[in-house]
Every structure is written in C-alpha cells, then in structure tokens.
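Scroll down for the structure; my scribbles are underneath it.
Atoms considered below: every heavy atom in the structure, side chains included; atoms not considered: hydrogens, waters and symmetry mates. Residue numbers begin at 1 in each chain, while the letters A, B, ... track the order of the sequences.
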Amino acid sequence: MTMETTVLEVKNLKTHFFTEEGIAKAVDGVSFHLKKGETLGIVGESGCGKSMTSLSILRLIPTPPGKIVDGEILLNNENIIAMDNEQLRKVRGNKISMIFQEPMTSLNPVLTVGEQIAESLRLHQNLSRKEAWRKAVEMLELVGIPAPEKRAKQEPFQLSGGMRQRVMIAMALACNPEVLIADEPTTALDVTIQAQILEILKELQQKLGMSIIFITHDLGVVAEMCDKVAVMYAGQIIEEGAADSIFEEPLHPYTNGLIDSIPKLHGDQEDLATIEGSVPSPYHYPIGCRFAERCQFAAAICRTKQPDLVQMGEGRTVRCFKYTSEWGGNA
Amino acid sequence: MTLFILKRLVQIVPVIFGVTLVVFLIMQMVPGDSAIVLAGEGASQETIEELRENLGLNLPLHIQYWEYIKGVVQGDLGHSIKNGNQVLDEIIVRLPITIELAVYSILITIVLGLGAGIISAIRPYSWMDFGVTIIALLGISLPSFFLGILLMYSFSINLGWLPVAGWDSPMHIILPAITLGAGGAAIVARMTRSSMLEVINQDFIRTAKAKGLKGYMIIFKHALRNALIPVITVVGLQFGSLLGGTVLIESVFAVNGLGRMIVDAIRTRDLPMVQGGVLVASMIFVFVNLFVDILYKVFNKRIDLN
Amino acid sequence: MENNVNTVKLNEPVIKAQKNKSRKLWSKLKKNKTAMVGLGILIVYAIILLLGPWLAPYDPYEIDLANKLQSPSMDHLMGTDDKGRDILSRILSGAYLTMGVGIFAVVFGGSVGIILGLVAGYYGGIIDSIISRIIDVMLAFPGILLALAIVSALGTSLINVTLAVGFFSVPMFARIVRGSTMEVKKLEYIDAVRTLGANDLIIIVRHILPNILSPIIIQASMRLATAILSAAGLSFLGLGAQPPSPEWGAMLSTGRDFLFNAPHIALFPGLMISMLVLGLNLLGDGLRDALDPRMKG
Amino acid sequence: STTDNTNTSKGENNNSKAGEELIILRASDATSLDPHFITDIPSANIIHGKVYETLIAFDKDRNFQPLLAKSWEQVDDTTWTFELNEGIKFHDGTDFNAEAVKTTFDRLFDPATGSPQKDKLSMITEVIVNDTYSVSMKLASPYAGLLSILASNEGSIISPKAIAESGDKLKTAPVGTGPFVFKSWTSGQSIELETNQDFWGNVPAFNKLTFKIVPEDATRIAMVENGEAHISDQIPVTDLARIESSDSISLYRTEGLAVEYIGFNVQDPFLSDVKVRQAISYAVDRESIISGIYENVGTLANSAMSPMVIGYSENVKGYDYNLGEAKKLLAEAGVKEGTTVKILTSDRKERINMAEVIQSQLKGIGLKAEIQVMEYGAYIQEISNKQHQMFIGGWGNATGDGDYNQYNLFHTASQGAPGNHFYYSNPTVDQLIEDARAESDLETREKIYEEALKIELEEAVYIPVRNYEHLAVVSDKVKGFWLDASNYAMVRDVKVSQ
Amino acid sequence: MKTMKEPILEVKELKQYFNVKRDKLFGEKQVVKAVDNISFELYEGETLSIVGESGCGKSTTGRSILRLDEPTSGSIKLFGEDLLSKSTKQLNVMRKDIQIIFQDPFASLNPRRTIRQMLSEAMTIQKVVPKDLQEGRMVELMQLVGLRPEYLDRYPHEFSGGQRQRIGIARALSVNPKIIICDESVSALDVSIQAQILNLLKKLQRELGLTLLFISHDLSVVRHISDRVIVMYLGKIVEIASKDNLFNTPKHPYTKALFSAIPTFEKVNRKERILLKGDVPSPLSPPSGCRFHTRCPFATEQCKKEEPAMQNVQNNQEVTCHHWEKLI
Ligand SMILES: Nc1ncnc2c1ncn2[C@@H]1O[C@H](COP(=O)(O)OP(=O)(O)OP(=O)(O)O)[C@@H](O)[C@H]1O
Ligand SMILES: Nc1ncnc2c1ncn2[C@@H]1O[C@H](COP(=O)(O)OP(=O)(O)OP(=O)(O)O)[C@@H](O)[C@H]1O
Ligand SMILES: [Mg+2]
Ligand SMILES: [Mg+2]
C-alpha cells in the first residue's frame, strides 16, 4: 500500500450553526489528513460533530443556519472551500462520495433505487442509460442485495433498513471515488452482510487506492478496518493515532471510558460501564476542557483552560492536560 | 390498478344519478319558467299552458325525472326545450372544441406555470422570484376577460397577426388558449414554488447534491417529482374546469364550447340541456380526477389508491 | 465524583421557550423582508376596511352624469366612473363589502374543503369514494345555477353570496388537501403517532395538517382573488351586493365596457384586488417559511 | 389580398373573400328557424325576408309593399283577398300558390302544431283558396292589425311539401321562397345560407350569407373592424365613440319599434296610489337617462308606442321633470320621507345603469329605491307573479301595429305573462283597445289609441323613457345595408367591395 | 421467562405479504413474503431478541404486531386479547402497553414538531402523566436518554443521528409501556450512550417488569440484553433459544455462520469466519424446502424439497433444521 501522498487534508475546520438560541459550534477546530489508500476511523460521542465534519468536507451543511466559519479543506491541495459550484460538482460524487447516516431520508422516496445509483454513473462516467442501469444492478449485487434486478426497480420504502443502507453504499461506491466518507455505513447491517461490505471496501481500497473516512460507533469495525483513528468529543478531535495503539493503550480518559462501555461478547455483566454525565451543549461549551465535567482526572486547570493537542509519539496526539506539565494531578 | 380503475368506473353510476337529481331539483327551485321564456312577449296564458303541456312540464316531478333517467340509461339525454335538438347532438358539436381548447390551454398552464414556479423556487426571494410572483398574481386577479380583450387588441387588431375570434383555423386557438392557460399558470406557479421549497431542504436533496448532480437535474428530477402532488392536483382541477367550459373566454373569442352552452341553457331554463351539460361536465371531472389519482401513484408509489 | 446524572438544572430557556412559541414565529416572520412588505400591504387594507367609508372624499353613491368618465385628476384622484361617481370614494367605501365577502367565502369554503379533503385522503376507501364523487359533482356544477337556486331559496343577502362563492371553493381545497394527505399519511412519523395510540383526529389535525399547510396557504390566498371576482359575477344575477354597491369586483366588471376610452375605471379596482392578493401571498410565503423549521435562521 | 381562391387553405379563410360571402355577427344563436315557433327577433332575423317571404312587406318607411302577393284588398270588414305572384318556386322546387298559403296558415292554426304564435293570428277563422293564385282570409271580427302581422315573421309562407314531409324538421331546416337557401346550422356557432340563384326577384350580389354567433360585444366590433365580418348588430352604446373614431367601420342607426319604460305594479299597496306614481313620474329626469346612460341612442319616449308604430300619436306626452310637483304629490299621498320602493330589472347592463340613475333621482324626493337585479328568467317570473313594485321593461312591438302594443300591455286580459305586468285594469281602456282593433280607418284608430294612451299616462301606469334606436356596425366595404325598425338586417341589396 | 407465566404477547402463524409491481404489465403478480408464518411468545419481564440477516423480516414483524401494516394472516394476542380483531379505538387504548422504537429515527419524527410537543402529546394521549407534571417528566426522560433538557424545544432536524434515535426511545418510554419493540434502537449510538440506554432498559425491566422485543444485528448487544433470542432467515424463524443455549450451542447452520462473523477489536477473540457462500436468495422468490439450503454447507436433497419443522433441541431451544443432530 502506498501511503505517501496526502489526498485530503482538513485544517482547523469550524462549522457553526447560527440559531436564535445562539451559536452551536458543532465542529470546532478539527484538523486531520488522509493519505492515499488510508482509512481514518472517526469515533466519538453521539452529537459530537462527526457527521457535520463529513458534511462540511463536501460543503453540504444546510446554509442557513449552518456555515463553515473557518478552516481549509484541501483535496489534492485544492481548497474545496474556495471552489466554485462547477468545480465542486465535479468533486462531489466523483472524487469524494459519501454514505449518509440515515438511509431512509437520504434516499429519494419517489425514485427507484436503481435509478438513484445509475444517475451518477451516467453523469460522472458518461455511461449510457442501459450501461448505467446494468452497472447499478451490479453494484446492488456487490453489496449483497438478493435479486438485484428486481430490487433496482423498487422504491426505498419497499426495502428493509439494511437494504437501504446498502443502496447508499452502492451509490457511493459506484463512481470509484478517491475518497469515501462513510457515515455509519453498517449500523443497520447484520454481521454477515457487514463482514461482506467491509471485505468489499478493503478490496476496492486495494484495487483503486481509495481513501476512506469511516465514522462508526462499532469499535470492532474500527479495529478491523482502520489504519488511523480519531476520537471526537464536543466538536473537537481529542485523540488521534494508529488504530491498534489506541485500542491497546487509550490515552484520553474519554477514549478509555468508551472502550469500557462496550458490551463484551464473552462473560456476563449485569450492567455496562458508562461514562457518567452528559455531553456539553454545543451552544455553550465550558471554558476549560470540554470533558472536564465528566472526567475523573479533572484538575483545576482542566476547568479553566482549553487543552491543546499533545504529541505523544509517532502519529499519536491527545488533547489532555494529563500528559502536560500543567496538570496538577488528581486520583 | 385495473381493479381500482374498474371500481372508479362503476362509481360513475351514482354520479349520474346524483348529478341529474340535484340539477333537476335545483332547476325546479330556480325561478323562471321555460314556457314563459320560450313563448316570448305577447303570448297568451293559454299558449303558455299549452306549451308547458307539450314540453311535459306539467307531469308530476318524479315522473319527469324518471322519464329522464330512463332515457339517460338508454343513452338518450332528451331534447332541448329551446330548439328541440337532441341534447346529445348539441353536446357533440361542442365537446371536441372544448377539449381541443382545454388541451392547448393546459399545456400552456403547465409549461408557464411549472417554469415560473421553478424559477421562483430555485432562488426564493430573488428579484426573479418577486417578478414571477407579481406576474402570477396579476394573472390571477386580472379577470380572464380583460386579458382576453387585451391580447385580442394587441395581437389581432394592432399587429394583425392573429384572427380576432371564431374557430376556423389553428390560428384561432392561440389567443383563447393563452388567455385560459395564463390564469391556471399563475396558480401552478405559486403552488410549484411552495411545494418545491418544502422539498428542497430535505435530506435526499442533499444526497443528490453529494452525487454531484447538475442543478437542473436536482431540481427537475429530485425536487420536482417530490413536489408534484399538489401541483398535479391544481393542474387537474384546472383541466377539468377547462373541459367543463369557461363561459367568459368562450364568449370573448366566440368559441362554441360547453360552458356557454350550459349557461345559455340555464338562462333559458332549458332543463334537458342543463342536465346533459352538467352530466358531461361531471363525467369529465370523474375522468380527470381518476387520471390525477393515477398520476399520484405514478409519481409516488407509496400512495395507496385503494 | 459528583453524581450529576439527574441534576442537570432546569434551565430558564426550557420553560420560557414554550410560552414563546407564537412570539418565536413572529420573530422569524419579522426577519423576512417580503413577509413584512406583505404585512404592510395588509395593514393598509385593514385600515381601509375599518375606516374606508370615513376616508372617502365624496359620496360614493352620488351620481353626476355630467362628470362621468373623468380621468384621474386632483379633484378625483382615481377619476370618476361611468355615472360620474368618484372612484376613490367608491373603493374606500366598498372595501369592507368586497373583502368581507371574499375572506368569509374563502374561510368558509376553505374550512369545509379542508375537512372533506383530510377525511377523504386519510380514510380512503369508501369514504374517499363518496366524498370524491361529491366533489366531482360540485366541480361540474355551474355557478350561475347555484346562485339562482340560492337566491330563490334563501334570498339575496350578503351571507348567501358568501355561501355560494364559498361553495365553489370547497372542491378546490378538498382536492388539494386530499392529495397531500394521501402522500403524508404514508410517512413513518405518522405510523409513529399511531403507535402512541393517537386517535385519528389528533393524527389529522396535529400531524397531517401542519405538513400540508403550504399548499393550503397558497390556495387560500389565490382563491381570494377568484372569490372576489366571482362574487361580483353573481351580483348581476341578483345575489349579493346589488348595484350601486361599490364592490370592487362589480366596479371592475363595469370597467370592461370602458377599457378603451376610460381604462382607469377598471384599473383601480383591479389594482386593489391585485395588491390585496399580493399582500396575502407575500405574507403567506413568509408564513410558510416561518412555519418550516428547516428554514431557520 | 389574393383573388385566386382555388387553393384557399383553412388558415387563410379569415381574410374573407368580399363579394363571395357576407358575414353577419349576432350575439346569440337562433332558437328555431320555424316561423311558427320563433318568438324572438334574433331567430326571426335569420329567416325573415331571407329564407322566407311574406305576402306583403314593410319598406324602409314602414309602408306596406307587395311581395308574394302582388295586390290585396279588404273585401268587407272581415274578409281580405290577396292576389299572388306567379312563377315563384320554393327552394325545394314546389310551386308557390294559394294552396301553399292556405297550408301554411292551416298549420299555424292546427292545435297539433302547438305554435305559440297562433294567438297573434287567432282572429283569422279561415283561409280560402279562390283559385291557384288568389287567396282570401276570413276574420272573426274586424282586425286592423292584420296586415302588420302578415308582413311580420309570423306571416312567412312555408313550402307545403316541407310541411307535409315533416313538421319538426322545419325548426332546423327552413324551406321558403326567399333570396337565400338554408344550408346549415351549427348550433351555437353559425348559420349558413346560400344565395338562391333561381330567386324570382333580384338575385343578391354575393353567394353566401353567414350568421356567426359572437356573444361578446367588444369582439363583434373588433371582428368587423378587423375584416373578419361585415356587419354586426346589437352594439352597446358605450362603444359608439370607438366606432366613430375608426376609419374602417361605421355605425348604422335606425329608429326602432320598441319602447323602454319604467313600469309600476299598480296593484302594489304602495304604488296603487296614483299620486305616488305620478310623483315618481315627475321625479324621473328621462332626458338625462337618455343622454347619460344611452349616449343619445334612441329618443325620448312619450308613450308606450314609438313613432314608428301604427297608431302612434304626437299629442300624448309623458310627465316633465318637475321635482316640486313630485314632492307636492307625495306629500298629498302622505308618503313619508325615506319610504323604500323596489326597482326590479333584468341583468342587462343599460337597465341596471338606468335603475341606478333612477334610484339617485328618487333620492331627490325622499324615496329610497332599492335595486333588485335578476337574471332574465327570474325577472320574467317575478313580474309574471306580481311580486314586484317598480320595474324596468321594454316592449318590442314585433308587428309594428298599435294593437300588438296596447292589447298586450294594457288590456285586462293580458295581465301577467302575456305582457301586462302593470296589472293594470281599466274598463274604459279595455274598451278603447277593442274598438281600435276593429277600426279599419287609420285616422280614427289613431284617435282611439290617443285616448287610451292619455288615460294610461294620466294614471301613471308607467313612465315612458326611450324609443329604441337599433345600432349596427358595418364595414365600410359594405354598401346597401339597412336595418329595419324591428332590427332585422336587410341584406338583399348589399354589395361588398374588395 | 424466569418464571414461566402466561405469555403477554403471543404471535401465531403470522404472515405479512406485500404486493409489489409486476415486471410487465400483465406479468405475474409478485408478492414479497416478508414474514411467512412465524409464531413465538413473549413473557412478561423478559427480553426476546430477533436477529437475522438484513431483510429477513425483523422490522416487518414488529410493524405487524402493532398493526402498522395489516398482517396478511395469523393472530396476535396481547394479554390474551386478539389485537387483530380490535377496532381502531380499542387498539388505540391497547397501544399504550406496547410501543415501538423505529429503525429510521429521523423518518419517524414529525419534522414540524418539537421534541416537547412530541413527548407531551404522547403523555397526553395515553393520559399517563397529568399536564402539570409533564414538564418534569419530560426533563426526566431527556436525561434518561442522555439528552440535555434544553433541547426539548428543538426540531428533529437539529439533532445528530444518535440524538434522534434517543428521542425515539424517550418517546416510547414516555407512555410507560409494558412492552417495547426496539428496532435497531441503539445501533446509531456511541458505545457509552449505548451502554447507558441498555442499562436503563435493564433497570426498567428490573423495576417495572418491562418486556422487550429487541431487534438488532449487534450480537454483543443482543447477548448482553436478551433472555431469549429468535434467529430469523428469509421471513422464517430458524432457531429460537435461550441466550446461553444459543450462544454456547448454536444449532442451526445459519446461526453458526452468523456468530462467526462478529467483528471485534479484542484481538484475542477473533476467529475464523464461516463466510456463507452462494447468492443470497430473495424473498420475492424464496427457495423451496428449507430456505437456507442454497447457502447451507450441509444441505442435502431433503433440504431442497422438504420444509423442516420446528424441532425441540433441549429445554428452551428449538430449531428448524433437518440435520441439526448431525451437526456439531
Ligand atoms: N440544523 C442544526 N441546528 C442546530 N444544531 C445542529 C443542527 N444540525 C446539527 N446540529 C448539532 O450539531 C452537533 C453535531 O451533530 P452531528 O450530526 O455532527 O453529530 P454526530 O457526531 O454525527 O452524532 P451521531 O453519532 O449521533 O450521528 C449536534 O449537537 C447537533 O445537535
Ligand atoms: N412496504 C413494503 N413493500 C414491499 N416490500 C416490503 C415492504 N416493506 C418491507 N418489504 C420487504 O420485506 C422484507 C423484510 O423487510 P424488513 O424491513 O422486515 O427487514 P428487516 O429484517 O427489518 O431488515 P433490516 O435488518 O435490513 O432492517 C424485505 O425484503 C423488504 O424488501
Ligand atoms: Mg452523525
Ligand atoms: Mg429492519
């Protein structure tokens, strides 16, 4: 696998929602980069801004009330934020495609799923109507939908939840994108299908050198799929590093809590471990560390000052005072 | 679907009864007497009575109605009181004219209305939108009569491009079709705009954008299709009412249509003609609305027609 | 460590927000420029409606054949009509009549139509068949015939013309509402309220109706123009405002005989109707946006 | 334009070939083309003098002229004899002769025919064929108006063959002797006649006569102006200025037989007081109605008869506009200020306008007039049911004879639907009308009518307002057109230039 | 199941077929047999999970139980009363006891209603909480599902996917139902919130005897929460067993394949997958005999022809396979 060239680089991305109640800082200074053929997993608390980050990359934030207020998104060194509509259009669905989180509402309710897949093929790959349809059926078959010719002619409401999700996947993969953003692509899939999909993704990655941003809650999937993992919390990345090292040695207290919360397949537990407390509202984050309120290690400084990312060895960063000299300590 | 259509066709029977009965009763209630109108000035009381007798207007009401319905079932809509012609013949003269005019008008309505509505919806609150809105509102509050006369004077009298009125050549269709189409276009435009705005913020439009689709494709294929139900409904209503005839424009452009026929018949209290006319008009609406319902299903499979 | 799971404070906004619902709508509306223009127009109409007769510079009924068909001038800002009456005065005095009939007809026809449409669209089946066929018949029913029937049965009062005009709006609303209801009722969130045990009334009124409001708003505002015009059409049949009532629609149709030598006769009442409908539409657009939670900001 | 009309396509038709076809526009369609069933002028206009001819005819000055009959003679009080022209053929080839005349009238009288027109000729007891070309009519009583009726549409002579074949078909397919042969009738759209090339008189100079139905006033004028038609009658007064300013069309005006009046229901409690009626008569400024509403189309009417009607008298005059007198009479009648009175009118625009003006004039004497507009059918019903107070009416005087006017409007026997919507009943007047009917001396007749008219006016049964004037707009290419007093388009001598 | 009582929900021979468009205008009428003759019982206080391949009819089963789609045939008894014969009105009353959390959270939320409106409506309809106490209850519910109470006045589109899912959960909880059908209800949640919700459900179960019909594909979650598990394949139940029996001694070849595919980050536990071969059959034209035979490594001629009946393996374990005894 060649990993030299950086395909996508996100620098200090800030996406805010301007509403009557104030400004919701859904994404608040996110930076990461993605190399060719690499898979970046994004995990994090629900509502921490994972989806908004990915929507921002394709400039799909609903405006108003949302707006990308700062940052750069470089695709092969071209800033997506500065592109005009025509350039943007050529990126979307072609160079970067996206699997949306909620397949039911993200699919057009009145068009057959086959058509929805075929249309981007016609557009980006200049296929004829017939060829595109054939390819669409092929894609449906690829993602494990039985009787694809028949399913292609159905509307989304006639499909099961998992099938819809696979339709989204097929749609995103149809044009062999350079970058695939997959927002919880397998949440509704049973394990056999999930395994199959992951297999396909890996295969495509190998074959085309596709890079993937993989947003999921399933740490098992992350472990299996991703080279790198970024953990987000309250609009920021709080820990980043190679997948194996993060699971073996989580640094941030939040990451730790996450791993502890997973129900284990073996051995019985009555109650699962949870992280106490709730996520701060994106409308008013605390002044200090955003996790401080729920953190058992929180020190005085954590409540007054924002921690910066700390470099912790090769490709490993964490946003926590624990790893700085400023931390006073606390058991 | 076939079952659905069959069911609908069966429903025509009660519609026929309902429509004829209501018209019949109302015509009895309405003041005015076809015999007096027909006898004209100076006819004596006896003559009027005699006329009434001959027209069968003295029979008890239920018998009159029964006779009529018996005829309808056999495809006989009776004779006009006014000129004695077969009602069916009178309708057959006018129906093709009305249909032709309605079809052209509705085409204009659809093209202008959808076009304007889409322009409005793409950039809501732009100057374009505002312009379209104003024109549409003028279109709706300017009585079609005025528009008709205005067009007639501009294009026929001043420019001499088109004939003033009548129904002899394809050229004659243009002005009345535009006049009739314009009013509908106004409603369609407004309806399209608002429906589109409902749709345009939904997630699947975001998906379409994410696919890199061109703007017009997003609009026409993804947004419009989902916004079409109310639009189809108004187009259907419009089309139905055009087929039922539009008296004013038929008068202005001397189009020999159903609407004028019905109104003339009402004015002369020509019951069989009114019955026949309204009967045909309601059949038209039954069919148009059947078609509209089928279109609902075509554009949104989820809609359940049964 | 503090146990803060169940201690999230009841912040002020939680309580406040609920009471503020209508104020919120207003604050959204306020930001919408066109809606405000629309509202401005409507306020002017409201003033005319309430004070019109007192604002009129002349007696709106005073016939002065010697001064007929005068073009607008300083004496008669909108000119005089075919009987020498001051058009401005007539417009001002006729406002409450015109708008009253129009608005009530739309409200009446709209409510009946919306109810019929909701019921037909929601229940479908035989109920839909019955209602829809009745609507078909209503659509085909000639207006003049109904007008005549009403005159003979109920007399010529203004309420009756409202009824008649309203009657013809019923199918328009009913069909639009029916179509949209059929579409919306299939959505999953309707299933969701059904599982909560919501009865049909709740489902229809709280969940379907708000989601089909925008075609209704459009239809209502457009229908107003038609209602005013058709009310005038019926006055010649003896239903509704009788001459010399300064009803705008009637004035407008008087103008059709003078389109060439005195266009102002038709122009001003026509403009008044157009502007009224414009105001309503602009406000309606704004309202639609304000009611659409996705159009926030 | 092209003269070569061998390959005229449908599209070019609208630049009609002048000289070929004369196109006349009408506001409404005919109801019937059978003279025995026609009760309205618009229908009669299509056939009268065109498809059908009568024994005698009115000329431009409303004098009787021979037509199918070359001469006539009143043999005694109740017998008239007509000598017929020879060599005339009906359009179906049947010969015109005395037998045809008899067959025609017998059909009219036959109760089985059910003609609403038979009342008008009910005084004829028998039609006798003297010989092939001579026919006599026997009357029950002397009847002065006979000739007028015979010269009218009711007197049309129909082909006996057509009568024998099918009575009903005549409603849609008339067969007469006239200069035009019926060709087709598209209901609601047009009626086409072809020139009768074998016409016994002067064959008209064009081949085809088409009546097109164009309901909208403005459109009719526009079509003539644009050359799509040649003549249109039924022109609204509001368009006079426009027509006069146009350089391709002109206006044709002719005095009519009809009179427009404001009627009182004399049996109405309020209006039964003659003083009230007189007061109102004084309060109406008729001149201003004629100039203000009618743009001086028509003249001030002095009585229910127009000057064109046989029996008209110049000596009868209506009430002059006199508010003082009006107020005085009202006071005498004990009418309170602000009493309401209803004015009923049909939905004709001019009449509504008139009602508005009257309303405003009555305000001057403290009466509050309420206007009731009704659609024609309802209006007729209302006045036939005696439910009205004041109403605006008009009387067409179809035959142009005083009897048709006086008997139908004022005779007790005519109360209600036949025409006496005043519900007026005065034995003296009844007697006078009957006397005039029997009087064959014109001067004496006029005297009798004069007396009747005077009484009617004194009793203020109605307020005569306007003598009709018929208008037509005629393309400047058309020469020789005239409208007769009944509003019939007279086209026999028309020439259309290119 | 802990104590074998009368079942509170009894599903018998439930079938749910959908008509779909014909291929050609006069082609054969096509039916999707989404749920084809399944029967099971649900006992008070237990958690019964349904797992199975995507599209096998799990959601449809849930929807049919609530009569959101009218079942084609079968019977559903809630507390011994037949749901299918109830009028809408009676049904509405009974619905208080049985709630569903939908698989697509966003689609199941009315876009024009705030969370507050939704919750208070639910409580008002079923009259579970008087008006004046609703506010408190709503705040409580929000906290229970880990949402900030000030979000009550927001509209669904302002939430993230996981937040919406929790709104669905809160809504279902708001009427204090006895049974909740959870259709993939925690799948979009991050593990910590997921843990919180699962704990909550368990707590409610302990304290109030809540019964759960838990549809999920996440086997670790299923294992954590269930008492019994149903495994479905193409509209049929292939195995139904207590959790322990199922996870320790799966009998049906499909169940075995399913368990082998679970991804995990715990490296130690990663094992060889049984990747199922062959095309996945479509419910539009399900295979004859045993529906799994096309993909079953152990299929025989008998499997192709004969539909296997439900067989009892041991206490609390039943399986529909001809050959379960021969398989290890
Ligand atoms: N239209 C909006 N208006 C206001 N706030 C919004 C809007 N859309 C999203 N947000 C907020 O932005 C934040 C980030 O949302 P996002 O969808 O990115 O979360 P996520 O990380 O994808 O969570 P999940 O895993 O639950 O999908 C959330 O707190 C959400 O409430
Ligand atoms: N309304 C419908 N019309 C036609 N077919 C339908 C309809 N609803 C569901 N189906 C079909 O029924 C089958 C079962 O669907 P269901 O949604 O129950 O699957 P599921 O087990 O929930 O799958 P998933 O795990 O993917 O959500 C699928 O084949 C689906 O296509
Ligand atoms: Mg998300
Ligand atoms: Mg499902």
Would you find more than 12 non-hydrogen atoms of other residues, nucleotides or ligands less than 6.0 Å from B:Gln28 atom CD?
yes
Suppose a student defines contact as a heavy atom less than 4.5 Å from any heavy atom of chain D. Which residues in residues 253-272 of chain B would they list?
B:Ala254, B:Asn256, B:Arg260, B:Ile266, B:Arg267, B:Arg269
D:Thr31 side, atom OG1; B:Ile81 side, atom CD1 - distance, nearest 0.5 Å
13.0 Å
Could you look at D:Asp347 and say if it's the side chain, the backbone, both or neither that has a heavy atom under 4.5 Å from chain B?
side chain
Quick one: are D:Gln189 and B:Ile97 in side-chain contact, heavy atoms under 4.5 Å?
yes
State plainly whether the residues B:Asp168 and D:Lys212 are in salt-bridge range, i.e. N to O under 4.0 Å.
yes
To the nearest 0.5 Å, what is the distance between NZ (B:Lys82) and OG (D:Ser187)?
7.0 Å
Heavy atoms only, distances under 4.5 angstrom: which of D:Asn420, D:Asp40, D:Ile380, D:Ile213 has the most pairs with chain B? Name it, please.
D:Ile213
Quick one: pull up CD1 in B:Ile149 and CD in D:Glu216 and give me the separation to the nearest 0.5 Å.
5.5 Å
When you measure from the side chain of D:Glu228 to the backbone N and O of B:Val164, does any donor-acceptor pair fall under 3.5 Å?
yes
Any chance you could measure B:Ser156, atom OG, to D:Met223, atom CE, to the nearest 0.5 Å?
10.0 Å
For B:Val252, is there any backbone N or O sitting under 3.5 Å from a side-chain donor or acceptor partner on D:Thr219?
yes
Who are the ring-ring contact (aromatic ring centres under 6.0 Å, His included) partners of B:Tyr65, not counting sequence neighbours?
B:Phe24
If I take atom OH from residue B:Tyr153 and atom CG from residue D:Asn226, how far apart are they, to the nearest 0.5 angstrom?
9.0 Å
Heavy-atom count check: over 12 atoms from other residues, nucleotides or ligands less than 6.0 Å from B:Phe145 CZ?
yes
Given that the side chain runs from C-beta out, which part of D:Ala30 has a heavy atom under 4.5 Å from chain B: side chain, backbone, both or neither?
backbone
Here the salt bridge (charged side-chain N to carboxylate O under 4.0 Å, His left out) pairs for residues 94-103 of chain B, sequence neighbours left out, are B:Glu90-B:Arg94
Proximal component of D:Glu225, with respect to chain B [non-hydrogen, under 4.5 Å]
side chain
D:Glu382 versus chain B, the contacting section by heavy-atom distance below 4.5 Å
neither
Given heavy-atom pairs under 4.5 angstrom as the criterion, report whether the side chain, backbone, both or neither of B:Ile48 touches chain D.
side chain
Could you pull out all residues at least two apart from B:Leu147 that satisfy side-chain contact (heavy atoms from CB on, under 4.5 Å)?
B:Leu142, B:Leu151, B:Thr179, B:Ala182
Correct closest heavy-atom pair for D:Gly114 and B:Glu50 would be CA-OE2, 4.0 Å
At a heavy-atom separation under 4.5 Å, does D:Ser115 approach chain B through its side chain, its backbone, both, or neither?
backbone
Measuring from atom OG of B:Ser251 to atom CG of D:Asp217, what distance do you get when rounded to the nearest 0.5 angstrom?
10.0 Å
